[in-house]
Amino acid sequence: MPTDQFQQKILAWFDLNGRKDLPWQQAISPYRVWLSEVMLQQTQVSTVIPYFNEFIDQFPDVNALASAPLDSVLHLWAGLGYYARARNLHKTATLISANGGVFPDQLDALIALPGIGRSTAGAILSIAFNKSYPILDANVRRVLARHYAIVGWSGHTKISNQLWEISTLNTPVKRSADYTQAMMDLGATLCTRSKPQCNQCPISASCLAKIENKVHFLPTAKPTKAIPVKNIFFLILQNPQQQFLLEKRPASGIWGGLWSLLEFDSIENIHLWGLDNNMPVQAIKTLKPQRHTFSHYHLDYTAVLAKTKMSVNNVMEANGLVWYKVGQIKSLGLPAPIKKILQEQY
DNA sequence: AACTCGGGGCA
DNA sequence: TGCCCAGAGTT
């Protein structure tokens, strides 16, 4: 099918069936498009919506975000995952704010900003500036891989280049904002990974995957790899004032910059740590082991409930350790499994 | 239990 | 340039 017919069908479908009521589709601005696109990079729409609204509420524009402390940005982000995104978001806000609060409208300048790659830059240019730039997010990738029956994992450079080329050729000069939104909507609502609704799809007649009966095999899945298991113990330590001990994690790595429970590789080491730090630990109860899966390993964790008679010692501050009351902890924003552990106990 | 999702960073 | 890293939700 010629490109212009492809575009026509996509846009006609969008006019009737596209989503137009998402929060970031109202009062469209580069700031709102950028914020939503970064949140949507690895997270689904339904999860993002409350976070987006809260961010807009607290940081109505890029200058407000730039002047906020990184900690408060991380706090608002807690639960969304991939916390480096929040750090990059804040960094980019300060760069744009220093530039008078004006977003770049050039591809290279956008890509130079932390947390903005080719696809996010394309989304900002097409949706916020109505310029004709392609995107290649997961939705668009799925629609194109199926329609043109592109076989091979998109993580391979060759396949990725092929898909980018198709996306570029298919992006119209006019109405590129609507087209971009339409392709994302099509992938999100009809051309889904499982149970795609081809009968309602505006381009199913020319879809090679449909014609060749390959819809369920495309796009080609990422090669699976066995991932290791890491075993740890989380210490839920309570002092006589009914406070709990949390530590601030290092800025990089898992749960970077977030508050968490102290982590040990054995129960014995919990006791050794207590003795070493003049804070003898008395274990009360060992909870049932649970599994939390990251992309590259399983974290099998066991929470240990314990108490201590000591509330202060000289190593705490240097190690980022702070006693918190349960009520305070709930307002901190914690990694999902830590939040779960504490919610189930208190 | 497997799958999904862009970008940064490093060898 | 090709790999590794990073979390929570859905299926």
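Residue numbers start from 1 in every chain, and the chains themselves are labelled A, B, ... in the order their sequence lines are given, proteins ahead of strands. No hydrogens, no waters, no symmetry mates; every other heavy atom, side chains included, goes into these values. Everything numeric in this text was worked out from a predicted model, so none of it was measured.
Regarding A/Y51, its OH atom lies at a distance of 13 Å from the P atom of C/dG7, rounded to whole Å. Across the protein-nucleic acid pair, A/Q290 atom CD and C/dA8 atom P stand 14 Å apart, rounded to whole Å. A/H298 places its NE2 atom 7 Å from the P atom of B/dA1, with the value rounded to the nearest Å. A straight line from CD1 of A/I338 to P of C/dG7 spans 13 Å, rounded to a whole angstrom. Atom CZ of A/F294 and atom P of C/dA8 are 7 Å apart (whole Å). When the P atom of C/dG9 is taken as reference, atom NZ of A/K339 falls 9 Å away, rounded to whole Å. Summarising the geometry, the separation between NE2 on A/H216 and P on C/dT11 is reported as 15 Å, rounded to the nearest angstrom. Look at CG on A/L299: it is 15 Å from P on C/dC5, rounded to the nearest Å.
The phosphate of C/dA8 has OP1 or OP2 within less than 4.0 Å of a side-chain N or O from A/Y83. OP1 or OP2 of C/dG7 has not a single side-chain nitrogen or oxygen of A/H292 nearer than 4.0 Å. Between A/T157 and C/dG2 there is a side-chain polar atom (N or O) within less than 4.0 angstrom of OP1 or OP2.
Judged by closest nucleotide on DNA chain C, A/A84 is the one of A/A84 and A/S194 placed further toward the 5' end. Looking at which nucleotide of DNA chain C each of A/G256 and A/H156 is closest to, the 5′-most match is held by A/H156.
In plain terms, the two heavy atoms of A/K340 and A/Q290 that are nearest each other are NZ-OE1, 3.6 Å. In plain terms, the two heavy atoms of A/G152 and A/I159 that are nearest each other are O-CG2, 3.5 Å.
For the pair A/R249 and A/W259, the cation does not sit on the ring face, since its NZ or CZ is not both under 6.0 Å from the ring centre and inside 45° of the axis.
Cluster annotation: A/L342 is connected to A/L332 through the hydrophobic network of ILVMFWY side chains, with a link wherever side-chain heavy atoms come within less than 4.5 Å.
Listed by first then second residue, pairs satisfying side-chain hydrogen bond (donor to acceptor under 3.5 Å, both in side chains) with a partner in residues 131-146 of chain A read A/N139-A/R142, A/R141-A/S154, not counting sequence neighbours.
If you look at A/F294 and A/W255, their ring centroids are closer than 6.0 Å.
Within the 4.0 angstrom heavy-atom criterion, only backbone atoms of the sugar-phosphate kind lie near A/G79; the bases stay farther away.
In this structure, A/N269 and A/S266 have side chains that are in contact, with non-hydrogen atoms separated by less than 4.5 Å.
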Nucleotide by nucleotide, 5' to 3', does protein get under 4.0 Å of the base (B), only the sugar-phosphate (S), or neither (-) in nucleotides 5-11 of chain B, counting heavy atoms? BBSS---
